[in-house]
Amino acid sequence: MKSFILLSALVAFVAADSIEYYTTGNDYYDVDAMMKDSTSFKKFVDCYLDVGPCDALTASFKVNANEAIATACRRCNDAQKHLVNRTFWGLKNLHPEYYEKFQKKYDPDNIYFADFEKAVAGY
Ligand SMILES: *[C@@H]1O[C@H](CO)[C@@H](O)[C@H](O)[C@H]1NC(C)=O
């Protein structure tokens, strides 16, 4: 009986601690294809930087951006980490000027980006 109660308590604890992952419009979005098209990439970035309109899919990613960055993607599932990895790769390598603007807006004091990028490396 005692061990049953202990076990129940443990299960409850684990359940309470389980991560609630972000919900997006499409975790398997082909972000590499999008970034190859400079018009689409610019639209995507403009949405994130609040200088252009957002389509529904991009908005579904953006809504979690501040929290994801500040928490090193704690609530990102593997597919979402892959999206972040590829997006940041593209920002850095294809358009470093966008990367700089991203950093200015989402991590102005340069506190979070290093851990955030580390968390998604390899995905
Ligand atoms: C994405 O993952 C690769 C390893 O697969 C890593 O080398 C790269 O630094 C990651 N990109 C970013 C922006 O963290």
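Both backbone and side-chain heavy atoms feed into the values below; hydrogens, waters and symmetry mates do not. For ligands, and for the atoms within them, numbers begin at 1 and follow the listed sequence.
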Open item on the list: Using the rule given for salt bridge (charged side-chain N to carboxylate O under 4.0 Å, His left out), can you reason through Glu100 versus Lys92, listing the C-alpha separation, both sets of side-chain angles and the distance that settles it, and then say yes or no?
Closed with: CA-CA 8 Å; Glu100 216 172 285; Lys92 279 181 156 169; over 6 Å; no
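Considering all non-hydrogen atoms of both residues, Met34 and Tyr29 come closest at CG-OH, 3.0 Å. When all heavy atoms of Arg86 and Met35 are compared, the pair lying nearest together is O-CE, 3.1 Å.
Atom CZ of Phe102 is separated from atom CZ of Phe88 by 6.5 Å, given to the nearest 0.5 angstrom. Here CZ of Phe61 is found 9.0 Å from CG of Asp55. Values are rounded to the nearest 0.5 Å.
A distance-only check finds no donor-acceptor pair linking the side chain of Lys101 to the backbone of Leu49 [under 3.5 Å].
Protein residues having at least one heavy atom under 4.0 Å from any atom of ligand 1 are Asn85, Phe88, Trp89, Glu117, Ala121, Gly122, listed by chain and number.
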